[in-house]
Structure formats: C-alpha cells, structure tokens
Amino acid sequence: MSDEPKKGITRREMLKWTAAAGTGLVIGASGLAPVFNWMEQKGEARRTHENAESETVAFHGVHQAGIVTPQQTFVYLVAFDLSTDRRSEVIALLKNWTVLAEKFAKGRLEKNPGNQWLPPKDTGESLDLGPARLTVTFGFGPSFFINDGKDRYGLAAKKPKHLKDIPRMPREAIDASKSGGDVCVQVCADDKQVAFHAVRGLINEAVGKATVRWMQEGFLSVPDGKTPRNLFGFKDGTANRSLTSRSAQETHLWCGSDEPGWMRGGTYMAYRKIQMFLDVWDRSSIKDQEDTFGRKKESGAPYGKKHEHDPVDLQRMPADAHVRLARSTGQQMLRRGYSYTDGIDPKTGAINAGLLFISFQRNPDQQFIPMLRLLSDKDALNEYTKHIASAMFACPRGIKKGEYIAQALFEG
Amino acid sequence: MLKKSTLSAFMAMILAVSMLAACNGDKNSAGQTKQEKTEQKASSANDEIKKGASQMQAINKQLLDALEAKDTAKIKALGKSINDKWLSFENAVRDRFPLLYTKVEKYEQPIFAESTMAHPDLTGMRENARNLQQALDELKTAKATAQKASELLDKAVKNYKDYVLEQADHLVEATAKFTAAVKAGDIEKAKQLYPDARVYYERIEPIAESFGDLDPKIDARIDDVDDPAKWTGFHRLEKALWKDHSLKGQAKYADQLLSDVKDLKAKIQTLKLKPEAMVAGAMELLNEAAISKVTGEEERYSHIDLVDLSANVEGSQAVYQAVIPALNEHNKALLQELDTRFRKMEEKMLTYKSNGRYIDYTKLSKDQVRELSQALSELSKSMSQTAEILG
C-alpha cells in the first residue's frame, strides 16, 4: 500500500492521519506502536531534512499515491494534451514520467551531464529541500482514448466504463480552455517549491509529445487533528472520516472487477474549479452563512447537534442547505480539494478565489454526477459560487516496482 | 537584439582557446569486429543511395524541362515528387555521407518550398535544380571515409562560416537597395525592400552580437537605447516608414545603416569562429525567435515578425546542417529528431505565406501564436542537445 507511513513519521503528520483516516484504521495495528512512541518525543523533525525517510511517501503500491495520502499543503494540477499520434511515443513519455516521478518523490534530482556545454538536466530549485511528502498522481481523460471520434492509440476498447466528460450543469460557466485534457498530473507536496520543481520537470520532459492545456495551483492547511477549512471559513471534508477503513474504500473508492484490468485498484478523479464570491460572502450574516451550509461555522456541528462528527439530522437544516442536499443522495466519495487564489478580477477589482473541488470515487455516474446535478440545481451555496472549469480523469491502479504508469493499459 | 549578458558570454566563447580535438579522441577504435559485420549492411545502403540519387535525377531532369516550358502545374507536381523521393532515402544519405546530405538539402529544400507557392520563382528554381543535379552526381559516386571527430568539428565550423559570409554578402546588397529607396523618399518601395534585408540580418544575428556595438547600432529597438535621439538602424527606419509615414530626415540613418552592415561584413571576414560559439549561436537564434519574434515585439511597426522568426529558424538550421557530420558520430537519434522538427517547422511556416510573403503578425490568432511558440520550444529543446558534439 502506497501510504504506509515510514517509521519516524512526524507528529503533525500523525495528527493529519488520524484526522483524515480515523484512528489507526488505515495504518494497521502493527504500525501504531512506533507512531505512539514517536509522539512522546519532543520537537519537530520537519524542515531539517535530516531524516528524509519521514518526508517520503512511498511511490510504489497497490494504489497510486496522492489519493488516500493525508493531504499535503500544496497542489499543482496540470492537464496535458498529447501532440503525438504514435502509441510508442506515448509509452516513452509515460516511462520517462514514471522515472522522474519516483525520483522526485524520493527528493532526488536528475544528475547533470559532465559536458558543460549542455543544459543542466535538472532545473535545481529543490536541491536541499527534501522530498516534502511529494506525490505524483496520474489520470487519463476521455479524449485520451477517443478524440474527434478517433481511437487515437488503439485503446478505445480498454476505456474505463464511467469515463466521460462531466455533462453540462445548470448555472455553470465552464471555460473549455481550462477544462478537460488527455492526461492529468496531480502533484502534491508540503513545500510549494518542491512541488513546482516536479511539475516543471514533468512539463520539460513532455516537450514534443504533449503540451500543457491548463495548470492550476492550490493550497490547504490542515490544523492538527482537525478538518481543514475552505475560504468561506467552513470545515470541508468532514465526511471523509467514513472512508477511512479499507472496506469502505473498497466499496466507495477503488474500482473492482467490473472495470478493465488496469483500472482495478484505480479510481476516478472529478474536478470542478469553483469560483467563490468572497466579497459577497463576507458581507453575509453569520446566520445566512450557517443556513447555507446547514452547519455551525466554528464547531462544524450540524444543525441541532453539538459536535462536528455528530450524526446529521437533515430535517433540522434549511431545505436548500448544502450539507442537507449532499447527504440526501446517500452517496460517499473521498474529497481532496484545495483552495486557490488568482489575483483580482480586472473588471471588478474583487479577489479571484475559490475551491478546487477534487473528489475520488469508483463510479462517478452514481456517486458524483447525480449529486452535482442536485447541488447545481438547488444548493443555497450557488448564490456565492460559480463553476468555471471541469474535468474527469481515470486514475490507474498503483505502480509496481519496475513498471511504468498504466503499463497494464498498453500491455495488459 | 539580444541581451548584453548573452552577448558577453558569446564573446567569451569566441575568444576562448580550447582544444576540443584533444578530449574527443578516436571513439571508433574498439569497434573493429562490429565494423566488419556492418560492412554488408553498408554496401546495401550504398546501393539504395545510388538508386535513389539516379531516380531523383530523372525527376529533376523532368523538372528542368518543365521549367524551360514554364509549365507551372507540372513544376508544382514535380517539386513534390522530388521531395517525396528525397524523403524516402535521405536518412541513409545523412547516415553515410553527411556532407553531401547537407549539399543536396541546400538545393532540394528551396525547390520544394517554391513548388508549393502559387507563383513559383522559376529563375531561382532553375538554378537550384541545376545545382541539385550536380550534387546528385557526386552522391552517386560518393565513398564513405572515416573522419576524426576533431576534423568533423573543424569542417562544421568552416561550412557554417561559409554560410555566414554568404549571408553577410546578401545583407550588404539587400541593405544597399533598401537604403537607396529610403534616400529616394520612395516609401512604398522601401517598405517592399525592408523585409528582404531583415532576413539576412536575422539569420546571422548572434554573429553580429559578437562585435560589441554593431548590433545595437543596426538592430536596436527604441526601448533598447538610453537616449532615443541617438537611436539608429533598421527599426529607426521601420518606424519612419510604418508609423511616421515620412522619410524626412532619414537619409542620415540610411547612410549610417549601410555603413554599419558593411562594417559588419568586413569584421565577419576576419572572424575566428569556435564550435562552442557556433552551437551557442544556434540556440540564441531560437531563443530570440521564442522571446521577441513570436510575441510580435521585434517588428512592432511593420509587423513582419514572421519574416524574422523564419530567418532565425533558418539561421539555426544552418548550424544544424553544418554539425550533421559531427552529430552523426554522437547521436543519430537526435539527428533524426532534429530533421523532423525542422521539417515540421518549415511546413508550419509555409502555411503562413500568402503570395510568397509572410502574413502580417497581427493576423495570427492566439491559438496560432501558441502553436508556433510550442513548435519553437520543441525545436529548441532538441537543438540544445547538439552541444553533445562538444563533449
């Protein structure tokens, strides 16, 4: 499993783990003793990089890293369009990307050539910064398989069952140039410079084979042992706790035998870039804000309850409250969103900011799209938000040692 | 116009006394038995080349006839056939006879390019077709000779230097015509002649960079100079022609420009060129294209940025052509890659021509600019690896 924590895990990471994963369920009982021992120690090992192991997320595993990995502080999402029509070149790119991604996850840089007249192989800005829990997660969009009705690489027969662009939704204002894409790379790390270095290396590697369609960066700070908050100041991802057990993940997250082999153990990534009108929100009363979500702002407790994780009572919330509508579908998914800011709106001078909604699920047709439709239609939040970009990617199962990403798709 | 920092680096490279030959050594000494095995393969490659050359000559002969008869339809069809034929065996030629490869390319490419035009330049085509016939004769009787890496590099530099000298000659001629039109006050004619002179300058710009103040005097843009009152060169006249619509008082700038390009030519003749400077120059050209041409900043009044961009790429391609024999020893895959990228770029650029001239930069859509920019980036990434020959 890709996310088995190494010994020497930091306190902060442990707390993130317990917050995101529920006590010990994912770690497994055997992994707990060293963790608790560690927690008795004093001081932070982070940012010294003396023990790079503790900052390293395993690259190989049954599932790709960066999905159930406790959320890092920064994300880069990069969507590529392939510019080659040759299958062999696509494979070459994926091979090279895999080698680079593993190197970056270990905090290593590319070795530079001895010939001083050649450009350096590595751009170098992450030197001495450590791995920063970097993960690289790959996904394939519908256009990777079939573009303009053409089976581009002879892979159409292996297209995952539920892979398609998210259908048009009411009220959305999708910018096509910032949506979709043949291949998506999600790079997460606790250090933004480390994450960017990896993104830059992967983009440089792609020159001649793929071009960047869009790129988006985001951030999220997770308080120790607590649910992180979005830019509206509300807790976001409270329900993730129900997805901490392996059995729950098998049920809701990882694809099974109904999918092509390369997708078994994989999952679908749904992405929506949601602009949030911060100025409007910041002038709304606390009551309006809480009615919009159906939860208390500070504690995160659902209406009529005391604590964040108390069971929700939908009847106590306003009919159009966000949480009520979402919960009424009875569906679960793993939320792994980030916030973004993007300067100001040149027309109004208002801050451009919002949420990069990212969710993982095994069947978006059932778990995601109906919920999105319901929320797009009725959610009280719509008054303060606008969906401006959209994408769906199929993330293959994890990479075994010696394999390249999605090898089973090409050779299975 | 390049940045000063790159300029001084370029100068340093030209002045550097480095003995490349010493570190290259003879890389093939260990491969004797392997060489024996490949001999058979080589002789069949030779047969393929000879056959290809003869067939190409036959088509070229037909083309010469069609040119005589001024049969445009036939000329266009034959131009394409020649290119198809060449593509079918050029890899074998590049592999075995890299120097002859560049010679054939030199005449074949303009023939093909002209044949795609609505109104091909028949005189130019005839000259190229005659030269091509001779080059193919040489190819038919060619024998492969092993050469030391250091000799290959020396030859590359010599070939490139010849190219630079040729361009400098053309630059002086074209600038003389352009400045004469300026001095005669003929705005329309000067506008017609301006791009012709720019091409020759943009092809060899990094060389001009190496002579200190000559490049700023010839090619500065208004924001490059400290004191706009002392601004001279091509862009000074470009502004007069396209923005001020008046040539009043421009005669002195015309005289100055002509004298500066003549000065440039004289300096080039005595230039000692080093392989490092040549390779770096090829990169500078592509960087230039990617930074100021594809963004439309260079020719802000005339908007002939595509002319400059294409000339930058051609200048870089001349270095590529010159280093083919050396690169052939180091990295054949890179050669193949560069061949494809330059070809792709040429094809792309052809689509921006109308009546034999590049369209105005302002007519490009956002997507087209991005596409060009990406093609340049691909080319530049591959080209940066040619420094392998210096290792």
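The shown structure was predicted, so the numbers you read here are calculated from the model rather than taken from an experiment. Below, chains carry the letters A, B, ... as their sequence lines are ordered, and counting in each starts from 1.
The two residues A:Leu118 and B:Ser384 make their nearest non-hydrogen contact at CD2-O, 3.6 Å. Nearest heavy-atom pair across A:Arg213 and B:Arg370 is O-NH2, 3.8 Å. Taking each heavy atom of B:Leu390 and A:Asn115 in turn, the nearest pair found is C-ND2, 4.0 Å.
Of the atoms belonging to B:Gln385, heavy atoms from both backbone and side chain fall under 4.5 Å from chain A. When heavy atoms are compared at a cutoff of 4.5 Å, B:Glu337 does not approach chain A at all.
Dense packing is recorded around CG of B:Leu334, with more than 12 heavy atoms of other residues, nucleotides or ligands lying under 6.0 Å away. Around the NZ atom of B:Lys381, the shell of radius 6.0 Å holds more than 12 heavy atoms that belong to other residues, nucleotides or ligands. Surrounding NZ of A:Lys178 are at most 12 heavy atoms belonging to other residues, nucleotides or ligands under 6.0 Å away. The neighbour count for A:Arg108 CZ, taken as heavy atoms of other residues, nucleotides or ligands under 6.0 Å away, does not exceed 12. Crowding of B:Arg343 atom CZ: a count of heavy atoms from other residues, nucleotides or ligands under 6.0 Å exceeding 12. Atom NZ of B:Lys155 has 12 or fewer neighbouring heavy atoms from other residues, nucleotides or ligands inside a 6.0 Å radius.
Taking CD of B:Glu276 as the start and CD of A:Gln116 as the end, the distance is 8.5 Å to the nearest 0.5 Å. For the atom pair OG of A:Ser83 and NZ of B:Lys344, the computed distance is 6.0 Å after rounding to the nearest 0.5 Å. Distance OG/B:Ser377 to CG/A:Asn204: 8.0 Å, rounded to 0.5 Å.
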